[in-house]
Amino acid sequence: MTQPELPKAYNFKSTEPRVYEKWEHGGYFQPWNDPNKPGFDPNIEPFVISIPPPNVTGELHLGHAMFVSMEDLMIRYHRMKGIPTLWVPGTDHAGIATQLMVERDLLKTEEVTREELGREEFVKRTWEWKKKYGGIITTQIRRLGASCDWNRERFTLDEGLSRSVREAFVRLYEKGLIYRGPRLINWSPGLKTAVSDLEVEYSEEEATLYYFKYKLQDSEEFIPVATIRPETILGDTAVAVHPDDERYKKYIGSRAIVPILNREIPVIADDYVSMEFGTGALKITPGHDPNDYAIAQRHNLPIISVLDTAAKVNDNGGPYQGQDRFEARKNMWADMKKAGLVIKTEPYRTTIPRSQRGGEIVEPMISTQWFVTIEPLAQAALEAVRDGRIKIVPERFEKVYFNWLENIKDWCISRQLWWGHRIPVWYCPDGHMTTGREDPTQCATCGSTELHQDEDVLDTWFSSGLWPFSTLGWPDKTPDLKYFYPTSYMETGYDILFFWVARMIMMGLEFTGEAPFHTVYLHGLIRDEHGRKMSKTYGNVIDPLIVMDDFGTDALRFTLLVGSSPGNDMSLSVKKVEANRNFANKIWNVGRFVITAINNQQSVDEMGDYGLADSWIWAKLQQLMRDVERQFQNFQYGQAGQQIYDFIWNDFADWYIEIAKQELAAGGPTAARAVDTLARVLDTALRLLHPFTPFVTEELWDHLRTAVRNSPLFTLAADWPDALIVAKWPEPNEPESWEEQKMADFEEVMQQPVRALRNFHAEKNIKPSQKHGVVYVHPYKAEILREYLPIISALSSTDVEQSFVYEQYKPEEAVTSLVVGATEMYLMLTGMKRSEEDMARLEKELKEAESHIERLEKLLAGDFAKKAPAHLVAKEREKLTAYKETAEKIKAQLR
RNA sequence: GGGCGCUUAGCUCAGUUGGUUAGAGCACUUCCUUUACACGGAAGGGGUCAGGGGUUCGAGUCCCUUAGCGCCCACCA
């Protein structure tokens, strides 16, 4: 009958794993309307999110915590609305990151490099690594409470998804949108692979600008040139000047001599050269600079590569062959100095391109790579956002999106790695290319059977781009794909808008003909408590796992959800999480109180009408439901959470429960009504809060359900569901006008006098033991005041025996008086002497009232009365009347 | 060079159709070991909402402008 006593403090450590276990194994995360099961109804529209797949070898960080919290909130909310809800989980093979990790490990444990192992063996080892460590991240994501359907978990390299990648590649190839050729690309010498433009990060750094002489052939004259990378002189194929430059005009068409190598190159004229910058003359190294490459194209210049894949000087570099690029730079400059070609060096701040992964300086190089012709895909992707098929939240990112797509360049998709989707193209000895959905056995052009496959793998983002539909079975027309695609929201950080979101849109439109989702919700980045980026070197990284250990998952989730707004970075401090741990504990204790009250409550024959406080808290709750619903529609999740927090703490706990204590003590129908309200409000509050803090709400709801079931007071029409996760999202069921009235009454009759009295006690340092009476005067709410006098007295620590309520003001009874706000209420304390301070305070009150009167009269005399909406004007009028009455009463006292 | 964001209480931040004399958490002051909770309760101090101008009966909220900070994109050696 009675439950075991609940602990005083919420124990998240024992609760969280148990509750998650119940959910996962109870099948609560699977959509109730499943196309693969009997009874499926295709007419009900589902709500679907594809998880941004974390790196399979990754460790949980706050970025994960953020998107999991956010998406789980969205998913739980929709699920509680009764919508079939699917959240597809999975992981990404993360080509470079994973390969590096395994390489590092092999070197450490077996002292063997990947080259020594060979490709086949290395890939085998990486799969083993994946099997061993790939589960860590998904376990950690479970710890966050993620309610994804783990039965549908996917991995970008598993069979189905690899087939999608193959299909996508072949389709683009056949359409002529994929090509292979030598181009100037970004080369990462550390990783020895090409990287895309997006994978290059530019950082402003101190560098040196080297000025030197470009000697002219058969002449003592020279053109001064400046460069940041002297070693690239080895690859120069021209010196360029502006055609209108008076200084150098005369040299155009003559020959210059490459220092050290003594090659002859032309002096050319090109508008690109800026006369104002540097020396006004530019050395042209088409093999290692994108601008120079473009100029070389225009002038038909030869292209010389001087660096190999490790960024060492190659055999075009004469004496420097075999030297590292920086070593060669030093040596070359020294040699030039000896040769008298050096003018000067000066420190120079410039942007240096670095690899996003390895961090080393990226070298532009000519290399044969695979590219996607991006223009047509980008056009379609632009159109989808422009015409509203896809909406980006917050909207300002649409501009960023447009700007990127409008200026996009072809996408280099080949990587010289081993871990990834191998490019499905085969070459015959004559170099003909053959592709296909199945591995070819002979060359499509010449029939040769001597085929070898391209060595490169695809950019990881190529497979990620297919994620929303590849995870649902594409290219097969699976029931899942048919029902759950297109997905609903794409929720992720704005930092991968280009990397991932834009590419999903392009590929989704290209391959499925539909936008892969209708809404993109972008969250901000998480920074430390002073807004600094978290970094390991700085040592300000907050580990979500430790935070969860210390304060619980709910506390972390609530902090992330309430502390952030769409698209804006948030600062996270452990203090905030601690405060929200306290909130979880508060909820727990509210629940404890309610459940105890239910367990102690006997049945009654007749419940009777609800009281003022019951109606008030119910009205507050109705309003909350409306507000929360509205905020959710507008993606204002933080606001919604804040309001629920305020309701539970400031309204329900601080006021209603304190009042309920009095009513419970009274027993009978009064107590029964209080218990009924306590249970109903808690039930609803838990539902509203559940998407934010799923664990504590679930646990409490379970206890509440048991208590209600066993209570003689309640007869349940329908059984409660077994888990809050499938409970119904609450909808308000009272008219808004009703709410207003109830709230106004309660605030006036209960809250205002209680607050005023407490305030008075604190100011005058009156101890609760010094009980005194109060005379309440209210012209037309005397009756209700009389009814609730015991409660008001209890909450304000005043003596109910010595207290009275009048309709009429009787100054002769006043001993000490205080006035309550802008209402008709007037309070007088009895059994006390009036002091000088009281008079001073009354004068202060009077002044305040008069200032209000003055302000309001001015306001109402102006255009406000004519132009503002009628109900607002009426409200201000009422206030004016009330202040006037208040002023009168104080004046009477002061006489 | 283009684009975007931020600037609100000591600190970190909310504040979306413009509507009382602007809020929260933490910190601070005073009081309270009251039978849900000291991971608590009560009361309180603290802001010319970055500066200037404009629209409006009314502006933290809309427009223009200035300054500081930050981010993204971009080929100036």
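Letters A, B, ... are given to chains in the order of the sequence lines, protein chains preceding strands, and every chain is numbered from 1. Please read all numbers here as calculations on a predicted model, not as lab measurements.
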What residues, two or more places apart in sequence or in another chain, satisfy ring-ring contact (aromatic ring centres under 6.0 Å, His included) together with [X]?
X         : result
Tyr210(A) : Trp333(A)
Tyr10(A)  : Trp588(A)
Phe397(A) : Tyr494(A)

>> Please give the stem ranges for RNA chain B, sorted by first residue number, where a stem is three or more consecutive Watson-Crick or G-U pairs and both donor-acceptor distances are under 3.5 Å.
In response: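 So the stems come out as B:1-7 with B:67-73, B:10-13 with B:23-26, B:28-32 with B:40-44, B:50-54 with B:62-66.
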
>> If the condition is salt bridge (charged side-chain N to carboxylate O under 4.0 Å, His left out), which residues does Arg247(A) pass it with, not counting sequence neighbours?
In response: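 For Arg247(A) the salt bridge (charged side-chain N to carboxylate O under 4.0 Å, His left out) partners, ignoring immediate neighbours, are Asp245(A).
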
>> Holding to salt bridge (charged side-chain N to carboxylate O under 4.0 Å, His left out), I want the full list of residues that pass it with Asp292(A), two or more places apart in sequence or in another chain.
In response: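 Salt bridge (charged side-chain N to carboxylate O under 4.0 Å, His left out) check on Asp292(A) returns nothing, list empty.
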
>> Can you see if the side chain of Tyr348(A) gets near the phosphate of rA77(B) - specifically, an N or O under 4.0 Å from OP1 or OP2?
In response: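 The answer is yes; a side-chain N or O of Tyr348(A) sits under 4.0 Å from OP1 or OP2.
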
> Distance check: side-chain N/O of Asn759(A) vs OP1/OP2 of rG44(B), anything under 4.0 Å?
Replying inline: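 It does, given that an N or O in the side chain of Asn759(A) lies less than 4.0 Å from OP1 or OP2 of rG44(B).
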
Pairs: protein N or O with nucleotides 32-35 of chain B N or O, under 3.5 Å:
none

>> With a 3.5 Å cut-off and heavy atoms only, can you find an N or O donor on one side and an acceptor on the other between the side chain of Arg581(A) and the base of rC39(B)?
In response: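 Such a pair exists between side chain and base.
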
> With Trp187(A), which residues qualify under side chain to side chain donor-acceptor pair (under 3.5 Å), at least two apart?
Replying inline: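 For Trp187(A), no residue satisfies side chain to side chain donor-acceptor pair (under 3.5 Å) once neighbours in sequence are set aside.
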
> Which nucleotide sits closest to the side chain of Phe498(A): rC71(B), rA38(B), rC72(B)?
Replying inline: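 The listed nucleotide nearest to Phe498(A)'s side chain is rC72(B).
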
>> For the P atoms, the ones on rA50(B) and on rU61(B), what distance do you get once it is rounded to whole angstrom?
In response: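 Going atom to atom, P in each nucleotide, I get 8 Å.
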
>> Using a strict heavy-atom distance below 4.0 Å, which residues from residues 392-402 of chain A are in contact with RNA chain B?
In response: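 Within residues 392-402 of chain A, the residues near RNA chain B are Arg396(A), Lys399(A).
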
> Reading nucleotides 10-15 of chain B 5' to 3', which nucleotides get B (base under 4.0 Å from a protein heavy atom), which S (sugar-phosphate only), which -?
Replying inline: --SSSS

Got a list of protein N/O to nucleotides 26-28 of chain B N/O distances below 3.5 Å?
none

Below 3.5 Å between N/O atoms, which protein atoms pair up with nucleotides 58-64 of chain B? Just atom names and distances, please.
none

